[in-house]
Amino acid sequence: MADETEVKGVEGAPAGEAQPTEGRGRGPRGGRGGDRGGRGGDRGGRGRRDDRRGNQEEQGEELIEKLVHINRVSKTVKGGKRFGFAALVVVGDGKGRAGFGHGKAREVPEAISKATAAAKKAMVRVPLKEGRTLHHDGNGHFGAGKVTLRSAPAGTGIIAGGPMRAIFESLGVADVVTKSVGTSNPYNMIRATFEALGEQTSPKSVAQRRGKKIADLLRRGGATDAVAQADAEAVVE
């Protein structure tokens, strides 16, 4: 009888006794505590990832991206048609640096991202006069495309169309006059425009190459000494 009483006492123990407490403490609560800790760690990790993505987006906002052209091609296969996309993108910082890139993929967003990455790698610097226009006129030729670029006074705006406008907007040029003769293929027009921009030189670089002062070069253009000196001091690049 004593044995039976002891067994009944253990089985019929109140909720606050050792058996329920040990079961709950070691089992579900311990597991929940670990899960909460793990979730907290995951939340902290996600927060750090979001911060990194935010920093990358802030760095990307400094560049101006212009989608110039998207071409869709199709290939007929046994099961039907297979489509592909090609994107042409122009990228610039608005301060005298620009580049263009070309990307191909099965989806449009992937093609644009490839073209943007290629454009960032191929960026070139173009010297600008007063930070708003070109220093001198220039001509570019690629394939059947021919372009002419001319500097313009303040307030003229960007007189260009299509792909050429995207280049000057991303480059940071505010006043320019352009003319395109020949093909309207955006690829050839952009390559011809970058060829003309690559020939741009500033008075500062010419003076350094020839071992002279900037005022001496400007004075030979017919300007007086005072005007040439003032223009030379205003030249930044």
Worksheet item: What about Tyr187 and Val124, same hydrophobic cluster or not, with Ile/Leu/Val/Met/Phe/Trp/Tyr joined at side-chain heavy-atom distances under 4.5 Å?
Response: yes
Item to complete: State, yes or no, whether a side-chain contact exists between Ile112 and Pro109 at a heavy-atom distance under 4.5 Å.
Response: no
Practice prompt. Determine, stepwise, if the pair Met164 / Lys179 fulfils side chain to side chain contact (heavy atoms under 4.5 Å, CB included).
Written response: CA-CA 9 Å; Met164 299 176 68; Lys179 179 64 178 177; over 6 Å; no
Worksheet item: So which heavy atom on Gly140 is nearest to which on Ala196, and how close?
Response: N-CB, 3.7 Å
Item to complete: Output yes when a side-chain donor or acceptor of His136 lies under 3.5 Å from a complementary backbone atom of Thr201, and no otherwise.
Response: yes
Discussion item. Determine whether a donor-acceptor pair (N or O, by modelled atom type, separation under 3.5 Å) exists between the side chain of Thr133 and the backbone of Lys129.
Written reply: no
Worksheet item: How far does CG of Leu149 sit from OG of Ser180, to the nearest 0.5 angstrom?
Response: 10.0 Å
Discussion item. For Ala105 versus Ala111, what's the shortest heavy-atom pair and its separation?
Written reply: CB-N, 3.6 Å
Worksheet, complete the sentence: Ile167 and Leu197 have their tightest heavy-atom pair at CG2-CD1, 3.9 Å
Worksheet entry | Nearest heavy-atom neighbours spanning Val68 and Pro163 | CG1-CB, 3.7 Å
Worksheet item: Any chain of hydrophobic side-chain contacts (each under 4.5 Å) joining Val108 to Val91?
Response: yes
Fill in: Check: Asp137 and Thr148 side chains under 4.5 Å, non-hydrogen atoms
no
Discussion item. I'd like to know if Val89 and Phe85 are part of one continuous hydrophobic network [Ile/Leu/Val/Met/Phe/Trp/Tyr, side-chain heavy atoms within less than 4.5 Å].
Written reply: yes
Discussion item. With a 3.5 Å distance limit and no angle check, can you tell me whether Lys114 reaches the backbone of Lys104 through a side-chain donor-acceptor pair?
Written reply: yes
Item to complete: Would you mind reporting whether His69 and His102 have side-chain heavy atoms less than 4.5 Å apart?
Response: no
Fill in: Distance, nearest 0.5 Å, that separates CZ of Phe142 from OG1 of Thr193
11.5 Å
Discussion item. Looking at Arg132, I'd like to know if its CZ atom is crowded, meaning that more than 12 non-hydrogen atoms belonging to other residues, nucleotides or ligands lie closer than 6.0 Å.
Written reply: yes
Fill in: From Leu63 atom CG to Arg97 atom CZ, the distance as rounded to the nearest 0.5 Å
7.5 Å
Worksheet item: Considering only heavy atoms from C-beta outward, does the side chain of Val173 approach that of Val126 to under 4.5 Å?
Response: no
Item to complete: Taking the side chain as every heavy atom from C-beta outward, state whether Phe168 and Thr178 have any pair of such atoms under 4.5 Å apart.
Response: yes
Fill in: Atom pair NZ/CD1 of Lys95 and Ile64 - distance to nearest 0.5 Å
10.0 Å
Worksheet, complete the sentence: Nearest heavy-atom contact between Ala119 and Gly101 is CB-N, 3.5 Å
Worksheet entry | Plane angle bin for Phe194 and Phe100 - parallel if under 30°, tilted between 30 and 60°, otherwise perpendicular | tilted
Discussion item. How long is the straight-line distance from CD of Glu107 back to OG of Ser113, given to the nearest 0.5 Å?
Written reply: 11.0 Å
Fill in: Check ion pair Glu169-Arg165 (N to O, under 4.0 angstrom)
yes
Discussion item. Which heavy atom of Leu67 sits nearest to which heavy atom of Ala87, and what is that distance?
Written reply: CD1-CB, 4.3 Å
Discussion item. Quick check: is Val181 connected to Ile190 through a chain of hydrophobic side chains (ILVMFWY, heavy atoms under 4.5 Å apart)?
Written reply: no
Practice prompt. Mind checking the CG-CZ spacing from Leu134 to Arg150? Nearest 0.5 Å is all I need.
Written response: 11.5 Å
Worksheet item: If we only count heavy atoms from C-beta on, is the His135 to Pro127 side-chain gap below 4.5 Å?
Response: yes
Worksheet entry | Ala152 backbone acceptor or donor facing Asp175 side chain under 3.5 Å | no
